[in-house]
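Naming: A, B, ... by sequence-line order, numbering from 1 per chain. Quick caveat: nothing in here was measured; it's all calculated off a predicted structure.
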Amino acid sequence: MNAITKPRRRAVLGATLGAFTFGFHIPKASAQTAAAAAPTSPEVNAWVVVKPDDTVVIRIARSEMGQGTLTGLAQLVAEELECDWAKVTTEYPTPGQNLARGRVWGNMSTGGSRGIRESHEYVRKGGAAARMMLVQAAANAWRVPAGECTAAASVITHMPTRRTVTYGQVAEAAGRLSAPALAEVPLKASTDWKIAGQPVPRLDTRAKLNGSQVYGMDLKLPGMVNAAIRACPVFGGKVRAVDSTAAERMPGVKRVLRVGDYAVAVVADTWWRAKTALDAVTITWDEGEHATASSASFAEVMRAGLDAPQAAVGNQAGDARAAIAAAPRKVEAIYGVPHQNHACMEVMNATAVWTPERCEVWTPTQNGEAAHAAAAEAAGLPPARCEVHKIHLGGGFGRRGAVHDWVRQVVDLAKQMPGTPVKLLWTREEDMGQGRYHPVTMCKLTAGLDAQGNLSGLHMRISGQSIVAGIFPQNIRDGRDPVVFQGLNNAGGEADIGYGIPNLLIDHAMRNPHVPPGFWRGVNLNQNAIYLECFMDELAHAAGKDPLEFRRALMANYPKHLAVLNAVAARAGWGTPAPDVGGQRVFRGLCQTHGFGSYVAACAEVSVSDAGALKIHRIVAATDPGYAVNPQQITAQVEGSFVYGLSAALYGSCTVKDGRIEQTNFDSYPVMRMDAMPKVEAILMPSGGFWGGVGEPTIAVAAPAVLNAIFAATGKRIRQLPLQDADLRRT
Amino acid sequence: MAKLNVNGRTIEVEVEGDTPLLWVLREQLNLTGTKYGCGIAQCGACTVHVDGAATRSCSMPVSAFDENQKIVTIEGLSPDSSHPIQQAWLALDVPQCGFCQPGMIMAAAALVAATPRPTEAQIREEITNICRCGTYNRVIAGIQRATTGPGAAG
Ligand code: FES
Ligand code: FES
């Protein structure tokens, strides 16, 4: 029995993760002492701790959710630190420490593929400053000028005398020196990188092979109780009455509690007992004003927005309406993309302890600071009396970043049971029905072609939901959501249109349903790339031109967009027939976009059987992220992004009926599995001079490449996703 | 009261008989490597071996087991992550967030035990676990490496 209940510690120690150096189930820092826990060795600076045995602990402010940012950021620090990579471990500073130290670690938000592209400079400077201090400490001890010393692989050498000392031997003295002014800290050119830019293995793989990686769901604190929750399935609804008589008599049940005015939770000794008892609670809801809302009723609202006179302008050149009216040929199409659930493999969860003096939360979060703020607000305590301990995420995809509804819930519960650690774990059904959904939108595209088949004007009217309006309404100015035009903006930003169109109008009629929106991996780039890139394909065919040539003619002033498009076309063999697979003819489709700072393109190869069965055989995808910190992790992100993007394109749809989401689990919300997974060939072509993200951009090119290939195969334009609702038989 | 054989040990647990094996492993036995993903046998995150066969533990009541069935969880697959599947996973950096991976590894280990040299088509058909991070292609490569590469299982 003992061997089972006390897991082998060796496995935990073998992992190089320092963030949670506690044992398997019990955090080293218990609920009472965690916030007071001090680093075991003095730090050189905020980013770097070197222990006497030369172990280097690199502090990582962003969250690891599978995207590899932990390893990539550590590579950047280590590069400038000149430390021995084999001795690197990592740890997360807490949001409470960040607050107490004047945000010395900067922004902890981990979304928008920003982990590396927005912090590369200051983390590298952190590593470089630490190296300068270590060298200075050695020089001081030797009484020589620091300029006579060099550092490599955690060893400092005094060149004239060849004396050496390791980082671990001088770290304590270095930590007492004053830090160099950051403006005077030089950084290496990327061409001199030795650790950054290399496909080094991830630092967090070993613990993920034997069950020892602790996720929020796995956390166990002494004396902890477990909660299962059910919120009103109609967003905005409230609890009217609760009959918990039967539930309260069930084994292990401790309390039946309300959470705010909209949810009921059962707290029991184990989660399974809590969940079983919750099923026995009869809740009467006041479903509120949205009780009859449906996807169909909202589609009507969006459809009206397609022709509404009022709309916020995102991008404009010339006079699109006049050019289209004057064009000899007009092409028009309406597309639509439904709500999606993030469906992280690990459902929402958090653990909290509340006392009148203090509140602590343990949770997987993409934004420790936002979780901290949510916890403090729910706790009714000043932030300085609250702490959040970040735990590796079992997937994030945007669900665990901007809103921390589950954190508020667990603190609400903990507040009702002062001093008792409460773990809240959602069911998959709760996770599916209480999401923060990819926004629902439609788009009407209207274009004029001149007599030679050139694009003379384009009007793109987006109608539908704004994420920003739902989450950060203060950022809406004059009815305009600045993020809704991702990938369609004028040149100079991180998500720009890649075509020179003489007369262009892109505008948005904001129409918000009651379903709460969220940042969903890829965000608005996803649907915008579908709309623009599928319509470009339509225009090419209407003009009787090759889709690649038609695009190229508009891309003369967009060399980086064009370079990735050319790269996929060349690798895929565009212009030559694709070889048959299993007796089926294979067809290609391509597309490109720009988002999260990176230029991306894809070419898909598909076949469609006579019965209409779609098979996606191969995806060629190119990414220009400016700089590539870990090529093998970028490849992993690109592969994974096609799973996410194609899951949505093939199956993903959250529909609303009677005010609530109809899908409840992976049986009604199918996602891509291995049988449908195409081969993915990732082309990485960093051109330097800018920093782009890699976790999201290629999601956006998944669906349009496949949809364009389906047209090539069948002559059918699928303009409403998901594809599983479409009849793909050739007509 | 249930009597189980888990990772080579016979143990008794005090629990309602209709409790799914998954929750007995996680809550009574603290074997949290086995994950909850869906609870309805859809995702495979809860996969364990029962007499060598990959089994979705979320959908089996603990009363369906006795001490004669050998249950192996990810913690018991090998003492030191030396199983060829674990070694291949390490070599190829298969996991992303890693949450699905205990189930994925257990499903893969059961597959190669039953089919020492699976074809790619067999792998695609047999491994139906969900990975939202999208590690599928590396999972396929990992199984192939474990079964045909150096240190192959078969
Ligand atoms: S949790 Fe058992 S199959 Fe998903
Ligand atoms: S690695 Fe994250 S769900 Fe599979």
Side-chain angles (χ1 to χ4, degrees), chain A residues 1 3-5 7-8 10-11 24-25 65-68 201-202 204-215 217-218 220 251 270-273 343-347 392-397 425 427-428 632-633 636 639-644 665-667 671-675 677 679-680, chain B residues 6-9 11-12 15-16 18-20 23-24 26-40 42-43 45 73-75 77-81 86 89-90 93-102 105 123-125 127-140:
Chain A
M1 176 92 198
I4 290 173
T5 53
R8 289 169 286 275
R10 177 178 61 242
F24 194 75
H25 290 287
M65 50 187 152
Q67 83 281 38
R202 295 174 67 117
D204 55 350
T205 294
R206 283 176 191 275
K208 293 174 178 172
L209 303 179
N210 59 11
S212 63
Q213 176 70 59
V214 174
Y215 298 87
M217 181 186 291
D218 307 329
K220 203 165 206 176
T270 68
W271 185 80
W272 181 255
R273 283 173 160 173
C344 304
M345 271 324 287
E346 182 192 21
V347 291
H392 266 22
L393 292 75
F397 313 125
L425 174 65
T427 58
R428 174 59 65 190
Q632 72 113 348
Q633 282 312 308
E639 289 171 2
S641 71
F642 280 95
V643 176
Y644 214 69
N665 205 318
F666 290 119
D667 51 352
V671 296
M672 183 185 259
R673 297 174 197 251
M674 206 177 280
D675 60 344
M677 179 70 191
K679 292 203 184 319
V680 176
Chain B
V6 180
N7 296 338
R9 302 224 159 197
I11 45 172
E12 292 187 359
V15 68
E16 290 79 49
D18 58 358
T19 306
W23 294 101
V24 174
R26 288 183 57 83
E27 303 204 272
Q28 270 78 24
L29 305 181
N30 281 344
L31 291 168
T32 53
T34 306
K35 303 301 186 206
Y36 164 71
C38 68
I40 57 165
Q42 278 284 325
C43 76
T73 71
I74 185 72
E75 291 90 346
L77 181 64
S78 68
D80 48 6
S81 294
Q86 289 167 309
W89 256 233
L90 182 64
D93 250 358
V94 172
Q96 290 189 28
C97 82
F99 190 85
C100 73
Q101 297 296 331
I105 289 168
I123 296 169
R124 285 175 180 273
E125 192 167 318
I127 308 286
T128 57
N129 296 40
I130 293 174
C131 172
R132 288 292 283 155
C133 295
T135 61
Y136 297 132
N137 285 349
R138 289 196 188 194
V139 167
I140 295 169

Spatial distance of atom SG (Cys133(B)) from atom CD (Gln67(A)) [nearest 0.5 Å]: 9.0 Å
Using heavy-atom distances under 4.5 Å, tell me whether Leu393(A) contacts chain B through its side chain, its backbone, both, or neither. backbone
If one checks every heavy atom of Phe397(A) against chain B at 4.5 Å, the contacting part turns out to be side chain
Check the angle between the aromatic planes of Tyr215(A) and Phe99(B) and answer parallel, tilted or perpendicular using the 30° and 60° thresholds. perpendicular
Got Gln101(B) and Gln213(A) here, is their nearest side-chain heavy-atom distance under 4.5 Å? no
Indicate whether the side chain of Asp93(B) and that of Gln632(A) have a donor and an acceptor atom separated by less than 3.5 Å. yes
Which bit of Met65(A) is near chain B, if near means a heavy-atom gap under 4.5 Å: side chain, backbone, both or neither? backbone
What part of Pro251(A) is in contact with chain B, defined as an atom under 4.5 angstrom from a non-hydrogen atom: side chain, backbone, both or neither? side chain
Between Arg673(A) and Ile130(B) (side chain of the first, backbone of the second, donor and acceptor by atom type, cut-off under 3.5 Å), is there such a pair? no
Just how far is it from atom OH of Tyr36(B) to atom CH2 of Trp272(A), taken to the nearest 0.5 Å? 8.0 Å
Among Ser641(A), Gly68(A), Ala636(A), Pro201(A), the residue with the most heavy-atom pairs under 4.5 Å to chain B is Ala636(A)
Against chain A, work out which of Thr73(B), Ile74(B), Thr19(B) has the most heavy-atom pairs shorter than 4.5 Å and name it. Ile74(B)
Between Arg132(B) and Ala343(A), is there a donor-acceptor pair closer than 3.5 Å when you use the side chain of the first and the backbone of the second? yes
Among the listed options Ile127(B), Thr128(B), Ile140(B), Ile40(B), the residue most often paired with chain A at heavy-atom distances under 4.5 Å: Ile40(B)
Arg124(B) side chain vs Met677(A) backbone, donor-acceptor pair below 3.5 Å: yes
With rounding to the nearest 0.5 angstrom, report the CD to CZ distance, Gln42(B) to Arg428(A). 11.0 Å
Closest non-hydrogen atom pair, Thr205(A) against Trp89(B): CG2-O, 4.4 Å
Can you tell which part of Ser81(B) gets under 4.5 Å to a heavy atom of chain A, answering side chain, backbone, both or neither? side chain
Take Asn129(B) and Met674(A), measure what side chain to side chain contact (heavy atoms under 4.5 Å, CB included) needs, and give me the verdict at the end. CA-CA 8 Å; Asn129(B) 296 40; Met674(A) 206 177 280; over 6 Å; no
Answer with side chain, backbone, both or neither: which region of Leu77(B) has an atom nearer than 4.5 Å to a non-hydrogen atom of chain A? neither
Side chain, backbone, both or neither: which part of Glu27(B) has a non-hydrogen atom closer than 4.5 Å to chain A? both
So which of Gly39(B), Gly37(B), Cys97(B), Gly134(B) has the biggest tally of heavy-atom pairs under 4.5 Å with chain A? Cys97(B)
To the nearest 0.5 Å, tell me how far Lys208(A) NZ sits from Gln96(B) CD. 8.5 Å
On a heavy-atom basis, which atom in Leu209(A) and which in Pro95(B) lie closest, and how many Å separate them? CD2-CG, 4.0 Å
Just how far is it from atom CE of Met345(A) to atom SG of Cys131(B), taken to the nearest 0.5 Å? 8.0 Å
Ile105(B), Val15(B), Leu90(B): which one forms the most heavy-atom pairs within less than 4.5 Å of chain A? Leu90(B)
Between the CG atom in Asp675(A) and the CD1 atom in Ile123(B), the distance rounded to the nearest 0.5 Å is 13.5 Å
